[in-house]
Amino acid sequence: MRKSYRLVQKNFRDLKSEVVDIAILPWGATEPHGYHLPYGTDSYQSEEVAALSAELAAEKGVNPLVLPVLPFGVQNEGQRELTGCINLRPTTLLTILDDIAASLIRQGIQRLIILNSHGGNDFRFAIRELQLKHPNLLMVAVDWWRHPIIRTLVDNPGDHAGALETCVMMHLKPELVSPETGTGRSVGFSIKALNEGWAWTPRNWAAVSEDTGIGDPRGTTPETGKIVVDRVVAEIAELIVKLVKEENIYQKL
Ligand SMILES: [Zn+2]
């Protein structure tokens, strides 16, 4: 049997004398994902990508520990009102991360990757805030879906429940993907600056999407999902190994 690096599957004997090199915290959301993907889509993606990346990194001689997935995220207007969508305030996200960081530090763990699947979860402000309090914990946020390789593998990945998330879920959790998809039709802002991104306000989901999806999920395949997951996992595993083994994460000045 392949060794698991998921904390939820370990017992105290497994961990009693182990030295953990790096903790990986999968972070998802509980929200509608079109008509065809489950509310747990982001959580499943984070959890599975984290576990697979940890396994691969461990083959290269590091000892990672995958923490339980955080299933709630920061949501937008127009999502928060939908049945079953659970919202965290950004300050709650910060507080949860603060407590997890404090626990890890007490246990001598000095590196943490937050493996995020949900666009509303902004860890940059949280890491900047917590660095003041926990200067000896290296915190790195990974938004796996932003990896540049994905654009070369999926033609129109979409933003939410589109081709990218659909193919990944067809590979990871095929039993939870309904063949009856919507179209993922969406609109942008009527103001150019907001579409260009240099001016920003959160999107009201009810105003921009017909079925909560943004991006067409039709026509993608589990084979594409497997390629995406394998490539992204390889990249994250390499990052895990580098964060543990590099003495200095900066080049020589
Ligand atoms: Zn998602």
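As a basis for the values below, the full set of heavy atoms in this structure was taken, side chains included, without hydrogen atoms, waters or symmetry mates.
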For side chain to side chain contact (heavy atoms under 4.5 Å, CB included), just list the numbers for L70 and L88, CA-CA rounded to whole Å, side-chain angles, deciding distance to a tenth of an Å, and then say yes or no. CA-CA 11 Å; L70 255 299; L88 288 191; 5.6 Å; no

Side chain to side chain contact (heavy atoms under 4.5 Å, CB included) between K60 and E238: does it pass, once the steps are laid out? CA-CA 9 Å; K60 292 171 185 163; E238 193 184 323; 5.6 Å; no

With side-chain hydrogen bond (donor to acceptor under 3.5 Å, both in side chains) as the test, would you mind laying out the steps for T166 and H36 before giving the verdict? CA-CA 8 Å; T166 301; H36 61 296; 2.9 Å; yes

Go through the steps to decide whether N116 and D143 satisfy the test side-chain hydrogen bond (donor to acceptor under 3.5 Å, both in side chains), and finish with yes or no. CA-CA 5 Å; N116 181 37; D143 290 340; 2.9 Å; yes

Quick one: do R203 and D159 satisfy side chain to side chain contact (heavy atoms under 4.5 Å, CB included)? Show the steps, please. CA-CA 12 Å; R203 289 174 289 188; D159 231 8; 2.7 Å; yes

So T92 and I96, side chain to side chain contact (heavy atoms under 4.5 Å, CB included) or not? Walk me through it. CA-CA 6 Å; T92 310; I96 294 171; 4.2 Å; yes

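If you take OG1 on T41 and CD on E31, they are separated by 8.0 Å, rounding to the nearest 0.5 Å. Note that the CG atom of L130 and the CG atom of D99 stand 9.5 Å from one another [nearest 0.5 Å]. Separating the NZ atom in K192 from the CH2 atom in W198 is a distance of 7.5 Å, to the nearest 0.5 Å. Between atom CD1 of residue I214 and atom CZ of residue R185 there is a gap of 11.5 Å, rounded to the nearest 0.5 Å. Atom CG of L82 and atom OG1 of T212 lie 7.5 Å apart (nearest 0.5 Å). Between atom CD of residue E180 and atom OH of residue Y35 there is a gap of 11.5 Å, rounded to the nearest 0.5 Å.
Within a 6.0 Å sphere centred on NZ of K226, heavy atoms belonging to other residues, nucleotides or ligands number 12 at most. Applying the 6.0 Å contact sphere to CG of N156 captures no more than 12 heavy atoms from other residues, nucleotides or ligands. Within a 6.0 Å sphere centred on OH of Y5, heavy atoms belonging to other residues, nucleotides or ligands number more than 12. Applying the 6.0 Å contact sphere to CZ of R151 captures no more than 12 heavy atoms from other residues, nucleotides or ligands. Taking a 6.0 Å sphere around CD of E175, one finds it holds more than 12 heavy atoms contributed by other residues, nucleotides or ligands.
Between I105 and N136, every side-chain heavy-atom pair lies at or beyond the 4.5 Å cut-off. Between L65 and L15, some side-chain heavy-atom pair lies under the 4.5 Å cut-off. For the pair I86/Y39, no side-chain contact is recorded, criterion being any heavy-atom separation below 4.5 Å from C-beta on. A heavy-atom distance below 4.5 Å is found between the side chains of R218 and T183. Counting heavy atoms from C-beta outward, W144 and I150 have side chains that approach closer than 4.5 Å. Here the side chains of L176 and L37 are not in contact, with every heavy-atom distance at 4.5 Å or above. Looking only at side-chain heavy atoms (C-beta outward), F123 and L97 come within less than 4.5 Å of each other. Between V20 and Q107, every side-chain heavy-atom pair lies at or beyond the 4.5 Å cut-off.
Each of L104 and V69 belongs to its own hydrophobic cluster when Ile, Leu, Val, Met, Phe, Trp and Tyr are linked at side-chain heavy-atom distances under 4.5 angstrom. Both L164 and I227 are assigned to one and the same hydrophobic cluster, defined by single-linkage of ILVMFWY side chains at heavy-atom distances under 4.5 Å. Cluster membership check: I127 does not share its hydrophobic cluster with I249, using side-chain heavy-atom separations under 4.5 Å among Ile, Leu, Val, Met, Phe, Trp and Tyr. By the criterion of side-chain heavy atoms lying less than 4.5 angstrom apart, applied directly or through intervening Ile, Leu, Val, Met, Phe, Trp or Tyr residues, V244 is grouped together with V140 in one hydrophobic cluster. When the side chains of ILVMFWY residues are joined at heavy-atom separations under 4.5 Å, either directly or via intervening members, V66 and I236 end up in a single hydrophobic cluster.
With sequence neighbours excluded, no residue forms a salt bridge (charged side-chain N to carboxylate O under 4.0 Å, His left out) with K16.
For the side chain to side chain contact (heavy atoms under 4.5 Å, CB included) with W205, the qualifying choice from E77, H160, E81 is H160, the only one to do so. For the side chain to side chain contact (heavy atoms under 4.5 Å, CB included) criterion with W27, the lone passing option out of D42, L93, L67 is L93.
V62 approaches K245 most closely through the heavy-atom pair CG1-CE, 4.0 Å. Residue V74 comes nearest to N121 through the heavy atom pair N-OD1, 2.9 Å, listed as atom of the first residue, atom of the second, then distance. Nearest heavy atom pair, residue L115 against residue A50, reads CD1-CA, 3.5 Å. The two atoms that bring A161 and G34 nearest to each other are CB-N, 3.8 Å, heavy atoms only. The shortest non-hydrogen separation linking A54 to I240 is N-CD1, 4.3 Å. Residues C167 and T220 share a closest heavy-atom pair of CB-OG1, 3.2 Å.
Salt bridge present: R6 and E48 bring a charged side-chain N and a carboxylate O closer than 4.0 Å.
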